[in-house]
Amino acid sequence: MTSLAQVGMGTTLAGVALPSPVLTASGCSAAGRELAPYLDVAELGAVVTKSVMLRPRSGRATPRMAETPSGMLNSIGLQGPGIEAFLEHDLPWLAARAARAVVSIAGGSVEEFVQLAGRLVGAPGVALLEVNISCPNVASRGQVFACDPRAAADVIAAVKDAADVPVLAKLSPDVTDIVTIAAACVQAGADGLSMINTLLGMAIDTDTLRPILAGITGGLSGPAIRPVAVRCVWQVHAALPEVPILGMGGIMTGLDALQFLLAGASAVSVGTAVFHDPSAPARVARELRDALADRGIPGVADVVGLAHRDGRR
Amino acid sequence: MTSLAQVGMGTTLAGVALPSPVLTASGCSAAGRELAPYLDVAELGAVVTKSVMLRPRSGRATPRMAETPSGMLNSIGLQGPGIEAFLEHDLPWLAARAARAVVSIAGGSVEEFVQLAGRLVGAPGVALLEVNISCPNVASRGQVFACDPRAAADVIAAVKDAADVPVLAKLSPDVTDIVTIAAACVQAGADGLSMINTLLGMAIDTDTLRPILAGITGGLSGPAIRPVAVRCVWQVHAALPEVPILGMGGIMTGLDALQFLLAGASAVSVGTAVFHDPSAPARVARELRDALADRGIPGVADVVGLAHRDGRR
Amino acid sequence: MTVPSQVRARLVGSEPVGAYHLLTLDAPAVAAGAGPGQFVAVAVGGPGSAMLLRRAFALYTADPATGLVQVVVAEHRPGTAWLVHSPVGTELDLVGPLGRPFPLPAAAGTAVLVAGGYGSAPMFDLARRLRERGSAVHLVLGAATGERLFGADEAPHVADTVTVTTDDGSTGRRGLVTDGLTALVEDTAADVLYACGPMAMLRAVGEIAAAYAVPCHVAVEEAMACGIGVCMTCVLPVIGADGRSRMVRSCTEGPVFEASRVRWKDVGTLPADVVGADAMGGHR
Amino acid sequence: MTVPSQVRARLVGSEPVGAYHLLTLDAPAVAAGAGPGQFVAVAVGGPGSAMLLRRAFALYTADPATGLVQVVVAEHRPGTAWLVHSPVGTELDLVGPLGRPFPLPAAAGTAVLVAGGYGSAPMFDLARRLRERGSAVHLVLGAATGERLFGADEAPHVADTVTVTTDDGSTGRRGLVTDGLTALVEDTAADVLYACGPMAMLRAVGEIAAAYAVPCHVAVEEAMACGIGVCMTCVLPVIGADGRSRMVRSCTEGPVFEASRVRWKDVGTLPADVVGADAMGGHR
Ligand SMILES: Cc1cc2nc3c(=O)[nH]c(=O)nc-3n(C[C@H](O)[C@H](O)[C@H](O)COP(=O)(O)OP(=O)(O)OC[C@H]3O[C@@H](n4cnc5c(N)ncnc54)[C@H](O)[C@@H]3O)c2cc1C
Ligand SMILES: Cc1cc2nc3c(=O)[nH]c(=O)nc-3n(C[C@H](O)[C@H](O)[C@H](O)COP(=O)(O)OP(=O)(O)OC[C@H]3O[C@@H](n4cnc5c(N)ncnc54)[C@H](O)[C@@H]3O)c2cc1C
Ligand SMILES: Cc1cc2nc3c(=O)[nH]c(=O)nc-3n(C[C@H](O)[C@H](O)[C@H](O)COP(=O)(O)O)c2cc1C
Ligand SMILES: Cc1cc2nc3c(=O)[nH]c(=O)nc-3n(C[C@H](O)[C@H](O)[C@H](O)COP(=O)(O)O)c2cc1C
Ligand code: FES
Ligand code: FES
């Protein structure tokens, strides 16, 4: 047993020191403000903001979600106010509360990503950029950047050039070999990797006999996908042990978070769990601290990737 | 409302007429015998047998399974007695009960698949072959056949040559573009497609701090993966509307089965649900018949792929 | 606006009322400061549940004195089935009060309240508050069948007149809730309308209000994943003060909207003139 | 062998007994013809549960006359937690009796029964049956603590002698259940041993039996996904009549095995000489 107060919850993600390894997940906590009644955003490792694009976006038609067993499908379509409104309203709110922001950016072309990264240079409170490459590449008939190592690398290299903070590439699990994509992103300069984004899924309404989502397919998230997410983190950490990983996918509890750390993540994002429990990111951090204390583990740094090694330290 | 007795439950899968669209799934009902206390195997569309290989196989060390939210991981390692014992003990049992067998075959090389198909020529009660190409290809350092269109096509073309019954190619969802693999298999002569096999996943024991499965990674199945499975069936049916599909992945109820038919499957396999409820394949068929009757739908044939069209017929 | 709380609330009462279940929960933090039209979001299924998303229910009562809140639940599919079959004593995880309540008029006047099915739940507290402020209240309750009316017995205690309609005529007048509404609005010289119920009904009420140039506040019901404003699933096209339409969250900016602002016929579509529709590519 | 049934069984009793819960279920089809060492598999979590797999429990009693069966459940993680907190009246989905029971000797003799923790559950029925056939029964019960002993009070009614041990000495003799076993086997001139409990205990009992060349039947506990023989998750390396080892299903070919057949030190590994181990590539 380690006493609770002694557990070192600090972690380093892509060179950035964070007071807690538990962050929010992009698209699951907006820009943090709505969580204020349920937790203290400054105590989180960071707030990962909803992917922002250059221009305001309406998002898709509704229905935008379907509940599935231990998961959900979403097809929001990256609704958002665009980078200018984000810089004016969202970042200052976080900065005023001394919360760290990991800003997720999304674009349909390398140029859009670069412009976004450029606009964020010098913005207050930005700890890292998370590059959401699970976006269709307009230049290649909508093929998702994250599904092609070259396209992924092009985006990352360009963002890296433009950014003044470390850059995480957010990977999609919907690929034959995630290690190849991960390696391409690292080669292109990514300081770390976020994984995983949602799995492509769909559900059909057995009354209307039509797809439930207006967008037909959507992204599957929640505990249902956790085994896939842990596997991706495991595989990439095994292949690229030096590369920092922000792990996510179905984390509901502190023990779930611990699985990701053991698999090789230096920090984790809590996404869909927030819909179930708005205090989830804070609760997961507490539970993780308790779990480390129970196991006599001094701190987060001691478990990162541990399951690859001997097990019991 | 259609009366229950009027609902046409017959279906045709790759040219083979089946009395019911509900089958078992490979590896989830052995060769059918153990289900006898819970259902009548002859009333099923068919029994899809555990993938058989040429030689007896021990399977992997234990633990071989882990429960996950609305799913499970397995890492059995294709334990089985080999094709000779299968021909001697398993097929005759099914044939004696007038049950149809879809025989799943697995190999580490094209040659092994061909030999298996050859041994099955003329065997009693074999309605179809299901070719489990989610196997590591010994010749290409363990890359799974189903992850490479050329390797997949090579196996299917060779099996097609050797077999005397229609051939289904069983696809893995762990690919960037399942339509490409599907098209390659069809081009190579597959009479139909089975989808999906399990997703690669893993889980870590937060007490031992090591992977739960002796095999480290395993196959994720159950309702958790249903949205991915429905999506795969939908995508392939959209691209290749003439190709018969045996759909599977997380089917627990008649309405789940209906989703697969609506997405484009002509029949479905019930896998992991059997572990939850050994009578599941029979129950799913009953519930499906009731659901069709409630909706005033004359029969299974009327809903196959319907969600791609106007919805309400 | 009240800050919502997340609480573990004990189920202290659960009783069938017609086709519905009336659940009473001990939740002082939620009861304090809740207004009519606000809702609560309840986690369902207990530990080990495969259902991740909360279910939303309009507050029927919220009594700061006793700390009790009540909701009226229609058993629909697994989540609501679990709720209505939960034994008294079950601890529920509750978030609320959420959303914006029905706005009360600055001056006393005449209000017509229209409700369909369990949509009547928020109307009783609304009626009481309107009458406390000196307004006359005319309440119209409708449902498919008599079983699906909620609160018909209570209605005379909170309203000056009560009109009851059912589609099948089993209780009250046969027909739609909106059938006699034009006459009622005219006869009572209503100066504000409130409505809660199915979308088609809200739209019809809105149209009548528009015809008489009377403000009309409606509580919509869109599928919600989070209920707290972070997920963007619950949107509908709403015309802003600047005249431009946006996809607006019904959980935080609603569920109560001014009916004339809602683009009823475009709900479930993406109108080309909505802000940011031009930027939509194939992104999910 | 009895054909197993799948039934909806009403939970008619649920009571804490020491560290365990004793559940009584109304399941005539399961009770009929069940033998000691057989088990039942119970679906957990109710409708909408995220837990797919059944939980296995050895039968403690199975009375064809009343149609009741009983199991002794240790609350462990979510599935067993759900079970022990299910109110009386809950309908459980039960499959059983599953597996092979302890074999009874052809002739009367002297049997030593050894149980660890809830592993004693099947021993009472076994003891009664052995005594019915004229055997002398010596029962050894052990557990970590007194709380974790099950059935110490009942033991004297079914056995000629009872020995109780706990690791912490809180009840009976301090030590392991196997500590005095050699002496007991010698003193009673046991001609058969039966054991149920943790793997390490079964192995130790098996070694003592081997030393005295006495047959020894043990009930193992391997994680099971299906319980009915279709999934191949519950295997362990067992030496067959032909002297060759195979990965054998403990749900259908067990859970009772002759101790000398089990390759204890290889459980959880894949010994190279097991049939078919040579054919293993990287397949999953
Ligand atoms: C603001 C608001 C107030 C509501 N007030 C009430 C009320 O007072 N009484 C009442 O009985 N019901 C009310 N509802 C509807 C209620 O939330 C749904 O009927 C309920 O969520 C369905 O859950 P289920 O498990 O039965 O259905 P499922 O279909 O299994 O639910 C699956 C998912 O879809 C969502 N969903 C399904 N139907 C609806 C719906 N009609 N509206 C919103 N989300 C839905 C669920 O929340 C869940 O996330 C309200 C909904 C909203 C948005
Ligand atoms: C033949 C047999 C007889 C058993 N008899 C009893 C009994 O009489 N009393 C009793 O309390 N327990 C008994 N067990 C163990 C009991 O099945 C597990 O403790 C229980 O399944 C754990 O469920 P959980 O939800 O608490 O744990 P979880 O860890 O959440 O279970 C997850 C999964 O692992 C499996 N699992 C976990 N632990 C075990 C285990 N020790 N053995 C087998 N499967 C496991 C579960 O079945 C489930 O599929 C028996 C097991 C077997 C195989
Ligand atoms: C409603 C919703 C919206 C999301 N929006 C984004 C987004 O804008 N950008 C992004 O990179 N990921 C987005 N995601 C993916 C999550 O950040 C996360 O990668 C994924 O949901 C897996 O984690 P979870 O299971 O904890 O939710 C979204 C997920 C959900 C459920
Ligand atoms: C324990 C287990 C063993 C399996 N063995 C095989 C197999 O031998 N061959 C095969 O093609 N698929 C195998 N599968 C995959 C299933 O046939 C099916 O494709 C998958 O589990 C998805 O369906 P489900 O969710 O209904 O189980 C196995 C699945 C499980 C759970
Ligand atoms: S329900 Fe999530 S934003 Fe409204
Ligand atoms: S538990 Fe499935 S074969 Fe034994």
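A, B, ... follow the sequence lines: proteins, then strands. Residue 1 opens every chain. Atom set for the values below is all heavy atoms of this structure, side chains included, hydrogens, waters and symmetry mates excluded.
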Exercise for the section: Verify salt bridge (Lys or Arg N to Asp or Glu O under 4.0 Å) between B/Arg55 and D/Asp278, making sure each step is shown before the conclusion. Expected result: CA-CA 9 Å; B/Arg55 292 196 287 151; D/Asp278 55 333; 3.2 Å; yes

Exercise for the section: Can you establish whether the number of heavy atoms outside B/Arg283 located under 6.0 Å from its atom CZ is more than 12? Expected result: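 Buried by this count: over 12 neighbours within 6.0 Å.
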
Practice task
Sequence neighbours left out, what pairs pass side-chain hydrogen bond (donor to acceptor under 3.5 Å, both in side chains) with at least one residue falling in residues 228-237 of chain D?
Solution key: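 Pairs touching residues 228-237 of chain D that pass the test: none.
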
Problem - Pick from B/Gly27, B/Gly59, B/Ala31, B/Ser279 with the largest number of heavy-atom pairs that fall under 4.5 Å of chain D - result: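 Answer, by heavy-atom pair count under 4.5 Å with chain D: B/Gly59.
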
Handout entry: Options B/Leu54, B/Leu35, B/Thr62, B/Thr272, ranked by heavy-atom pairs under 4.5 Å with chain D, top entry
Key =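 Answer, by heavy-atom pair count under 4.5 Å with chain D: B/Thr62.
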
Problem - Minimal non-hydrogen separation, B/Pro223 against D/Leu52, with atom names - result: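 In terms of heavy atoms, the two residues are closest at CD-CD1, 3.6 Å.
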
Practice task
State plainly whether the residues B/Glu34 and D/Arg249 are in salt-bridge range, i.e. N to O under 4.0 Å.
Solution key: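 Here B/Glu34 pairs with D/Arg249 in a salt bridge, since their nearest N and O are under 4.0 Å apart.
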
Exercise for the section: Could you check which of D/Val235, D/Thr269, D/Asp266, D/Val275 has the highest count of heavy-atom pairs closer than 4.5 Å to chain B? Expected result: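 Counting heavy-atom pairs under 4.5 Å, the top option is D/Val235.
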
Exercise for the section: Using non-hydrogen atoms and a 4.5 Å limit, figure out which bit of B/Pro37 sits close to chain D: side chain, backbone, both or neither. Expected result: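 Both backbone and side chain.
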
Handout entry: Interchain contact, B/Thr68 with chain D, by part (heavy-atom threshold 4.5 Å)
Key =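 The backbone, not the side chain.
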
Mind listing the side-chain donor-acceptor pairs of residues 85-94 of chain D below 3.5 Å, one per line with the distance, residues two or more places apart or on another chain?
unit_1  : atom_1 : unit_2  : atom_2 : d
D/His85 : ND1    : D/Ala81 : O      : 2.9
D/Ser86 : OG     : D/Trp82 : O      : 2.8
D/Thr90 : OG1    : D/Pro87 : O      : 2.6
D/Glu91 : OE1    : D/Arg8  : NE     : 3.3
D/Asp93 : OD1    : D/Gln6  : NE2    : 3.4
D/Asp93 : OD1    : D/Arg54 : NH1    : 3.3
D/Asp93 : OD1    : D/Arg54 : NH2    : 2.9
D/Asp93 : OD2    : D/Gln6  : NE2    : 3.4
D/Asp93 : OD2    : D/Arg54 : NH2    : 3.3

Problem - Contact check, side chains of B/Ser58 and D/Leu270, non-hydrogen atoms, under 4.5 Å - result: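 In contact.
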
Exercise for the section: May I ask you to list the residues in residues 219-230 of chain D that approach chain B closer than 4.5 angstrom, counting heavy atoms only, ordered by number? Expected result: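 Residues of residues 219-230 of chain D touching chain B at under 4.5 Å: D/Glu222, D/Ala223, D/Met224, D/Ala225, D/Cys226, D/Ile228, D/Gly229, D/Val230.
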
Taking [X] for the side chain and [Y] for the main chain, is one N or O donor matched with an acceptor at less than 3.5 Å?
X: B/His276; Y: D/Leu53; value: no
X: B/Gln79; Y: D/Met247; value: yes
X: B/Arg57; Y: D/Ala279; value: yes

Practice task
Using the test ring pair (Phe, Tyr, Trp, His ring centres under 6.0 Å), find all partners of D/Phe102 that sit at least two apart in sequence or belong to another chain.
Solution key: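 If we apply the ring pair (Phe, Tyr, Trp, His ring centres under 6.0 Å) test to D/Phe102, skipping adjacent residues, the hits are D/Tyr194.
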
Practice task
Give, as side chain, backbone, both or neither, the part of D/Ser5 having an atom under 4.5 angstrom from any heavy atom of chain B.
Solution key: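 Just its backbone gets close to chain B.
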
Problem - Interchain contact, D/Val95 with chain B, by part (heavy-atom threshold 4.5 Å) - result: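 Answer is side chain: those atoms of D/Val95 sit under 4.5 Å from chain B.
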
Exercise for the section: Measure the spacing between CG of B/Asn74 and SG of D/Cys231 and express it to the nearest 0.5 Å. Expected result: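 Interatomic distance, B/Asn74 CG to D/Cys231 SG, rounded to 0.5 Å: 8.5 Å.
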
Exercise for the section: Test salt bridge (Lys or Arg N to Asp or Glu O under 4.0 Å) on B/Glu67 and D/Arg77 and set out the steps. Expected result: CA-CA 12 Å; B/Glu67 197 181 46; D/Arg77 302 207 320 147; over 6 Å; no

